[in-house]
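First the proteins, then the strands, lettered A, B, ... as listed; each starts at 1.
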Amino acid sequence: MSVFGDVSGILADLNEPQRRAVLHRDGPLLVLAGPGSGKTRVITRRAAHLVYTGVPARNILAITFTNKAADEMRRRIEALGVGRGMWVHTFHALGVRLLREFGPLARVQPGFTIYDENDSLRVIKQAMELAGVPETVLRPDRAAAEISRAKNRLETPAELAARADRFDEQAAARVYAAYEELLQQRNAVDFDDLLMRVALVLQEHPDIVERLNLRFRYLLIDEYQDTNHAQYLIAHHLSAHHRNICATGDPDQSIYGWRGADLNNILDFEKDYPDAVVVRLEQNYRSTGAILQAASRLIAANRRRKHKDLWTTGPVGEPVRLWRFDEGRAEAERIGATIAEWHARGRPYSDFAIFYRVNALSRGLEEALRARGIPYQIARGVEFYNRKEIKDTLAYLRVIVNPADELALRRILNTPPRGIGPKTIQRLLEVAGRTERPLLEILRRIREFPELQPATGKIESFLNLLDRIKAAAAGSITRAVGAVLELSGLEAALEEEREEGGEDRLANVQELVTAARRYEEEAEEPTLEEFLQRVALVSDQDAVDETAGAVMLMTLHAAKGLEFPVVFLVGLEQGLLPHENALREGLDIEEERRLCFVGLTRAREHLFVSYARERLVRGVRLPRAPSQFLGELGGDAVISEDFCEPWRPPARRWRESAEHPAPDQDGFVPLDDQLSEDERGMRLRRRRRTCESADEEDLNIIDAAREGLSETSPYADWRAGTLVQHEQYGIGQVVWIRPGGGQTRASIRFARYGEKTFILELSPIRKLERS
DNA sequence: TGGAGCGTAATTTTT
DNA sequence: TTACGCTCCA
C-alpha cells in the first residue's frame with residue numbers, strides 16, 4: 001500500500017532536524033522553517049508517518065492559507081499512499097464547512113452566500129448610506145479595512161465603538177453595525193466572518209470544542225507566521241484538549257501584517273506552549289551560497305525574529321549582482337536583453353522571474369519584454385471569478401440558492417438590460433424598505449403595489465426567468481449554469497459583443513460551465529450551494545502557473561512560496577522597497593525587509609537586484625534614492641554593476657581610489673553600500689563636505705531619508721506649523737511633513753476643507769512668505 | 001441608457 | 001499615467 005513499503009522509508013531522505021519534526025508524536029511542535037528548507041516535505045511526511053503508525057487519516061487536520069497549498073499538500077500526501085479521508089483545507093474553507101455544521105449557532109442559514117471583497121465593499125457602501133456616514137468623512141475602503149481589522153480581533157460593532165477614540169473610528173463602528181445588519185438580512189457572510197464566527201462559536205461552546213478535539217486529534221498548520229488573531233484562536237481551540245498542534249512557518253517570511261497577521265503568534269508559540277518542541281530547519285536546498293549569504297545578512301537587521309543560520313552544502317555560485325541604472329526604462333531593457341541572451345544560450349523562459357514591490361512597475365517591464373518578443377505571464381489580477389460576466393452568471397445562481405441575497409438580485413435585475421432601469425429599482429427598494437420585506441418578495445407581490453404598476457410586465461417575466469432557471473438547477477449544476485446563460489440572454493449579449501469584435505467573454509463563461517462539470521465529477525455529493533461557496537474561495541493566486549513556458553512577473557507578495565532559477569528583483573529604491581507608506585507611518589519597516597528577504601530567497605542560481613536613479617512615477621519623472629536595504633545585504637556575495645551613462649553629470653563612473661577600488665577584470669566594482677552601518681556613518685560624515693561622486697549622492701539621499709529632510713530639498717525649511725498656500729484650497733498649515741524616496745509628503749490642514757495629504761513635489765503648494 | 005468628460009487618488013491582497 | 005466614479009447630455 002505504501003510507496004515506501006515500510007515506515008523507515010519515510011525517513012530515509014530526511015536530514016536530522018527534518019526527521020525529528022516528522023518523528024515527534026504528541027504535544028506541541030514548532031517547526032521554524034527557513035526558505036527552501038524542505039518544509040512541505042516535512043509536513044507531508046509527518047502526516048504520512050502519523051497514519052503509518054496508527055492514526056486514522058480522518059483524525060488529522062491540516063490547515064493552509066491558499067487553495068494552491070492545500071491542493072499541493074493533498075496531492076503529495078496521497079502520493080505517499082495515505083491521505084484518503086484526511087482533512088486538508090484552507091482556514092477559510094474549513095470555516096465554511098464548520099459554519100455549515102454550526103448553522104444557527106453562527107447566525108447563518110443553509111444556502112448562505114459568501115461575499116468576496118468586492119461584494120463586501122458594495123454592501124459597506126450601502127451600510128454607509130444607512131448609517132448616514134458620507135464618503136467624505138470615511139472612505140468606503142477605509143471603512144472596510146477598519147471593519148476587517150475589528151473582525152480579525154473578534155470585536156463586535158459595540159466593542160469597536162467603545163474602543164474608538166477617533167472620529168472616523170466612531171463612524172466605522174456605526175457602519176460596521178449597519179453592515180452586519182445587512183449581511184444578516186441577506187444570509188451572507190464575508191471572508192472575515194468565516195473565521196470570526198467559527199472562533200466565536202468555539203469560544204462560547206466548550207462542548208463543540210470537545211467534539212472537534214475528538215474528531216481532529218492532530219493539527220498541522222502551515223505558514224503559522226501569517227495567522228491573525230481569529231485564526232490563532234481557532235488553532236488554539238481545535239487543539240485545546242490533545243495539544244497536538246504542529247505549527248510550521250518562518251517569522252522572517254511574515255508579509256501580511258497589514259492584513260491582520262500577528263507575528264507574535266509564532267514568536268510567542270513557546271510561551272503559549274511552554275513544553276513545545278522547537279525544530280529549526282536551517283539547511284537550504286534551494287539557493288546558492290552567495291544568494292543565501294546576501295539574504296541572511298539582510299534579514300539579520302530585523303529584531304522581531306527567531307534567529308536561524310541558513311546554510312547550504314551546495315556551491316557558492318555566482319555572486320548576487322546589484323545593478324544601477326539612470327532610469328527605470330534602462331532597467332527593464334537590460335533585464336529584457338539579459339533574458340533574451342540567456343534564452344538564446346538555452347535557458348527556458350520559465351526559468352526567469354521578475355519581482356517588484358508594486359504592480360505599477362510591471363508595465364515598463366512588460367513593454368521591454370514584449371519589444372523583444374519574450375513570452376511572459378503576469379501572476380495578477382485577471383481574476384477569473386472577478387470578471388463581470390462570471391459574476392453576473394454566478395449572481396443568478398446565488399439568487400436561486402439564497403433568495404435573500406439582495407446584492408446578487410440587484411445585480412441581475414437588469415443584466416442583461418431588460419428595461420428594469422434605476423428608476424424602477426429605486427422604487428422597488430423604497431417599497432422593500434417601507435414594508436421591511438425582502439426585495440424578492442416585493443417582486444413576487446408586485447401587483448399589490450400600485451406605484452410599481454408600470455414595471456409589472458417586465459418584473460413578472462423576470463420572475464418567470466428565475467423559475468425556469470431554478471427548474472433547470474434541480475437537474476444538475478452544469479445544466480443550471482447553462483440555463484442561466486441561455487435563458488437570461490447573457491449568452492446572446494456576449495455573443496453579440498464578440499461578433500462586434502469585442503473581447504471574447506463568452507469563452508470565459510463557457511469556462512465556467514467546464515468548472516461546474518469538473519466540480520460535479522469530483523465532489524462526493526455535489527450541490528449548487530457548495531459549488532458557489534467553493535467558487536467564492538477561489539483566488540487569482542491559485543492561477544499562478546510556474547510552468548507555463550513564460551517569464552513570470554509578479555509582486556513580492558505573490559512570489560512567496562515559489563522559486564525560480566533566475567530572479568530579478570527591481571526597484572530597490574527608498575520609497576518603493578521599503579515602500580513610502582511604511583516609511584511614512586514609521587510602521588513596519590521590518591515587514592518591508594522581510595518582503596525583500598522573501599524575494600531574494602526565491603532565487604535558486606542567479607539573483608539580480610536593481611535600482612534606478614530616476615523613475616517615472618505616475619507620469620512624473622522623479623529622482624530615486626537606492627534602498628536602505630542595499631546597504632544591508634552587501635558583503636563579498638554581492639557585486640555591483642553600473643549601467644549609468646558616463647556623460648550624465650550626476651552619474652559619474654566610480655572613481656578609483658582606496659575607497660573606490662577599480663573594477664575587476666569583469667568590469668564589476670563593489671558598491672560601498674556594502675559597508676556596515678557604522679562605517680557608512682563615519683564615511684558619510686567625512687565625505688559630505690566634498691560631495692563628488694554619484695554614490696556619495698546616493699548615500700546622502702539614503703541618509704536624508706533616514707534622518708529627516710535633505711538639506712537640498714526645497715522643503716527643507718518646512719515644519720509642522722508652517723503656513724502654506726494651495727492653489728485651490730487656499731491657506732493652510734502643515735500638520736506633519738515627511739520625506740521619502742524623492743517625494744515629500746505633508747499633511748496640511750485648511751480652514752474650510754479639513755486636513756489633506758499631499759505629495760509636495762506634485763502639488764500646487766507654496767510656502768507662504770511673510771511680507 | 002450609454003457615453004463623454006471631469007475630478008480625484010494612487011501598496012501589498014493567502015481568502 | 002491610469003482607473004474609477006460621478007455628472008451631464010444626446
Side-chain angles (χ1 to χ4, degrees), chain A residues 63-70 89-96 114-121 125 135-136 139-141 144-145 148 151-152 189-195 222-223 225-228 230-231 253-261 355-361 363-364 379-381 383 385-386 414 416-423 533-542 544 554-561 571 575-585 587-588 591-592 594-596 598-599 615-621 728 741 743 745 756-759 762-763:
Chain A
I63 308 178
T64 64
F65 272 84
T66 65
N67 295 306
K68 197 178 168 198
H89 283 302
T90 64
F91 266 107
H92 294 264
L94 176 70
V96 173
I114 300 166
Y115 282 170
D116 67 19
E117 258 164 11
N118 292 316
D119 298 331
S120 155
L121 194 63
K125 284 178 186 164
E135 297 198 2
T136 46
R139 287 211 329 257
D141 57 325
S148 174
K151 287 192 171 185
N152 288 162
V189 296
D190 62 22
F191 285 151
D192 296 318
D193 282 326
L194 296 176
L195 307 174
D222 198 17
E223 307 281 14
Q225 78 280 355
D226 290 332
T227 48
N228 62 32
Q231 289 161 330
Q253 294 182 65
S254 164
I255 54 175
Y256 285 101
W258 52 278
R259 275 189 127 250
F355 303 149
Y356 35 80
R357 175 67 234 263
V358 296
N359 280 313
L361 285 188
R363 230 190 108 208
R380 175 215 351 183
E383 313 120 62
Y385 287 99
N386 257 334
N414 199 35
R418 52 175 70 93
I420 306 176
K423 198 108 187 197
Q533 289 172 349
R534 185 181 288 207
V535 156
L537 298 182
V538 173
S539 82
D540 44 319
Q541 185 71 23
D542 303 326
V544 176
M554 65 187 85
T555 63
L556 285 166
H557 283 90
K560 196 174 81 163
L576 258 183
L577 184 64
H579 194 273
E580 58 181 312
N581 289 0
L583 289 169
R584 178 165 44 106
E585 319 267 336
L587 273 174
D588 216 351
E591 181 153 312
E592 297 290 308
R594 292 194 291 268
L595 206 41
C596 187
V598 165
R615 196 179 285 279
L616 252 99
V617 179
R618 304 209 255 278
V620 185
R621 181 182 292 271
Q728 217 183 323
Q743 292 187 344
R745 285 188 174 249
K756 291 182 181 298
T757 304
F758 300 91
I759 294 168
L762 306 178
S763 312

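Using a 4.0 Å cut-off, no side-chain N or O of A/T555 falls inside it from OP1 or OP2 of B/dT11. Residue A/N359 places no side-chain N or O under 4.0 Å from the OP1 or OP2 atom of B/dT11. In this model, the phosphate group of B/dT1 is approached by a side-chain N or O of A/N414 to a distance below 4.0 Å at OP1 or OP2.
Residues A/W258 and A/H557 bring their aromatic ring centres within 6.0 Å.
Rounding to whole angstrom units, CG of residue A/L583 and C1' of B/dT11 are separated by 12 Å. The nearest whole Å value for the distance from the CE atom in A/M554 to the P atom in B/dT13 is 11 Å. For the pair A/K125 NZ and C/dC6 P, the interatomic distance rounds to 7 Å; values are reported in whole Å. B/dT12 atom C1' lies 12 Å from atom CG of A/L576, rounded to whole Å. Counting to the nearest Å, the C1' atom of B/dT14 and the CG atom of A/L556 are 15 Å from each other. Going from atom CG of A/L616 over to atom C1' of B/dA10 covers 15 Å, rounded to whole Å. Atoms CD (A/E135) and P (B/dG7) sit 19 Å apart, rounded to a whole Å. The NE2 atom of A/H92 sits 16 Å away from the P atom of B/dT13 (whole-angstrom rounding).
Note on A/G95: nothing from the nucleic acid sits closer than 4.0 angstrom, heavy atoms only. Looking at heavy-atom distances under 4.0 Å, A/E117 makes contact with a base. Here A/R139 lies in heavy-atom contact (under 4.0 Å) with sugar-phosphate atoms only.
Nearest to the side chain of A/A261, among B/dA10, B/dT14, B/dT11, sits B/dT14. With B/dT11, B/dT13, B/dG2 as the candidates, the nucleotide lying closest to the side chain of A/P417 is B/dG2. Listed nucleotides: B/dT13, B/dT14, B/dT11. Nearest to the side chain of A/W258: B/dT13.
For A/R615, the salt bridge (charged side-chain N to carboxylate O under 4.0 Å, His left out) criterion is met by A/E331, A/E573, not counting sequence neighbours. A search for ring pair (Phe, Tyr, Trp, His ring centres under 6.0 Å) contacts involving A/Y115 returns nothing, not counting sequence neighbours. Partners of A/R363 under the salt bridge (charged side-chain N to carboxylate O under 4.0 Å, His left out) rule, at least two apart in sequence or in another chain, are A/E367. Contacts of A/E135 classified as salt bridge (charged side-chain N to carboxylate O under 4.0 Å, His left out), with partners at least two apart in sequence or in another chain: none. Listed by chain and number, the residues in a salt bridge (charged side-chain N to carboxylate O under 4.0 Å, His left out) with A/E223 are A/K39, A/K560 (sequence neighbours excluded).
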**Study point:** Audit row: A/R259, A/D226, salt bridge (charged side-chain N to carboxylate O under 4.0 Å, His left out) steps and yes/no
**Key:** CA-CA 9 Å; A/R259 275 189 127 250; A/D226 290 332; over 6 Å; no
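DNA chain B is contacted by both A/D141 and A/D192; A/D141 maps to the nucleotide lying nearer its 5′ end (nearest heavy atom per residue). Residue whose closest nucleotide on DNA chain B sits further toward the 5' end, between A/R418 and A/E591: A/R418.
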What's touching nucleotides 2-4 of chain C from the protein side, N or O pairs under 3.5 Å?
from, atom 1, to, atom 2, distance (Å)
C/dT2, OP1, A/R363, NH1, 2.7
C/dT2, OP1, A/R363, NH2, 3.2

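Here A/Q533 contributes atom CD and A/H92 contributes atom NE2; the two are 14.5 Å apart, rounded to the nearest 0.5 Å.
Taking the P atom of each, C/dC4 and B/dT13 are spaced 16 Å apart, rounded to whole Å.
By the 5.5 Å and 30° criteria, A/H557 is not stacked with the base of B/dT12.
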